[in-house]
Amino acid sequence: MPDRLARYETKLRQLQQKGRWRVLTGPGGIDFTSNDYLALAGSPRLTAGAIAALERGVPVGAGGSRLLRGNHAEHEALEAEAAAFFRSERMLYFGSGYAANLAVLSTLPQRGDIVAHDALVHASAHAGMAMGRAEAISVPHNNADAFDDAISRWRKAGGTGHPWIVVESLYSMDGDKAPLPDLAELANRHDGFLVIDEAHATGVHGAGGRGLAEELEGRENVVVLHTCGKALGASGALVGASRVLCDYLVNRASPFIYATAPSPLQAASVRQALNVVAAEPERREKLQDLVAFANRLVADRLGFAGSGSQILPVIIGDNRCAMQIAERMQADGFDIRAIRPPTVPKGTARLRIAITLNVDAPTIVRMVERLAQVMAEERP
Ligand SMILES: Cc1ncc(COP(=O)(O)O)c(C=O)c1O
């Protein structure tokens, strides 16, 4: 009998050989990697909000599922305020964006529907689709015509249900934006739904920081996911949808039903973060200036087109080379991480540089200058 653990060790060795071995490391150095775009996570505003919430008796733990004793006034207050802020008919608060995607995509598309998803959607969307009852197909990245073709082909082949178009408004590893107006038109024309993951746009993009889908949110056939652990600096995710779809999730989505409700304290922190986003547009404006500056610099000094957003992918290609460059940057005090397959497509290992309010323009200049040197040495 082989050792019980040997098969895992063999697989881990294989990952190591492919340059895909992952280990946990703490945050260290200057932040060019977090999703804390508005520098809210450790801010005095959220800290004070959490202390005030504790002082008014908001509990740390919910103690049960939302459907049992875990439904707290703080969850309901957050959902009502967020629905007004995002102009959604209703909102539901989940413990994480992962759980929210899992719930939406495993529950709402029905047998006989088709789920057409962008090739680059997040792992949590894949998990939801794999758990669901509808057939799922991958569509080339950011290609509205390809969505149209795929759905038309499915209809011609006898598809009778409703199509679901699943995208991110701002892609997490590429920083580019989805053609949302075209996709919304397609969803209408094909009698379907559009699911928009706003994880990296919420709080940063769109009028008032309401995200890139802010003009579509509230439509009957649009479902929007706002994660709360990125620009909002807390954790969890808000799903905005029609009343009937939210009721359906409450009744049928196992990640919602069979999980302890999110911490009421976190719900209070998200309320506070939404207040900051609404009341302090200057944070967003300052970030947009830094982002424009960083995009220009990356284009000039590194020869990369720049994504136009706060997520700047520097594609290296080879896994080990990407790791080597990231490690050298970390050793120099810049927290830059390499992202490798399967998180990104094979052969596109990259540095994912995130611009946040945790850095200023001179620091971005120092980082890009150093990166240009290290890249020249590692990729002669
Ligand atoms: C596009 C996208 N959707 C969903 C998630 C999951 O959100 P959370 O971290 O809140 O689980 C992430 C997180 O990385 C993401 O990038």
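One is the number of the first residue; the rest follow in order along the sequence. Note that these values count all heavy atoms, side chains included, but never hydrogens, waters or copies made by symmetry. One-based numbering, in listed order, for ligands and for the atoms of each.
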Name the closest protein heavy atom to [atom], giving the residue it belongs to and the distance to 0.1 Å.
atom: atom 7 (O) of ligand 1; answer: Gly97 CA, 3.3 Å
atom: atom 14 (O) of ligand 1; answer: Lys230 NZ, 2.9 Å
atom: atom 12 (C) of ligand 1; answer: His122 NE2, 3.3 Å
atom: atom 3 (N) of ligand 1; answer: Asp197 OD2, 2.6 Å

Distance under 4.0 Å to a non-hydrogen atom of [X]: what atoms of ligand 1 satisfy this?
X: Ala199; value: 1 (C), 2 (C), 3 (N), 15 (C)
X: Thr227; value: 7 (O)
X: Ser124; value: 4 (C)

Are Tyr171 and His141 close enough that their ring centers fall under 6.0 Å?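 Yes; His141 has its ring centre under 6.0 Å from that of Tyr171.
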query = Hey, would you say the His205 and His200 ring centroids sit under 6.0 Å apart?
reply =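 No, ring centres 6.0 Å or more apart.
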Does any N or O of ligand 1 fall below 3.5 Å from an N or O anywhere on [X], backbone included?
X: Tyr98; result: yes
X: His200; result: yes
X: Glu168; result: no

Is any side-chain N of the basic residue among Glu168 and Lys177 closer than 4.0 Å to the acidic one's carboxylate O?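 No salt bridge links Glu168 with Lys177.
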Under a 4.0 Å threshold between the charged nitrogen and the carboxylate oxygen, would Asp335 count as salt-bridged to Arg337?
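Answer for the salt bridge query: yes.
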Mutual orientation of the aromatic rings belonging to Phe86 and His226 [parallel < 30°, tilted 30-60°, perpendicular > 60°]: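 Ring orientation, 0 to 90° scale: parallel.
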Take the angle between the ring planes of Phe193 and Trp164 and call it parallel below 30°, perpendicular above 60°, tilted in between.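 The rings of Phe193 and Trp164 lie parallel, inter-plane angle below 30°.
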Q) Checking side-chain contact (heavy atoms from CB on, under 4.5 Å) against Leu371, which of Asp332, Val298, Ile353 comes through? A)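 Of Asp332, Val298, Ile353, side-chain contact (heavy atoms from CB on, under 4.5 Å) with Leu371 is met by Ile353 alone.
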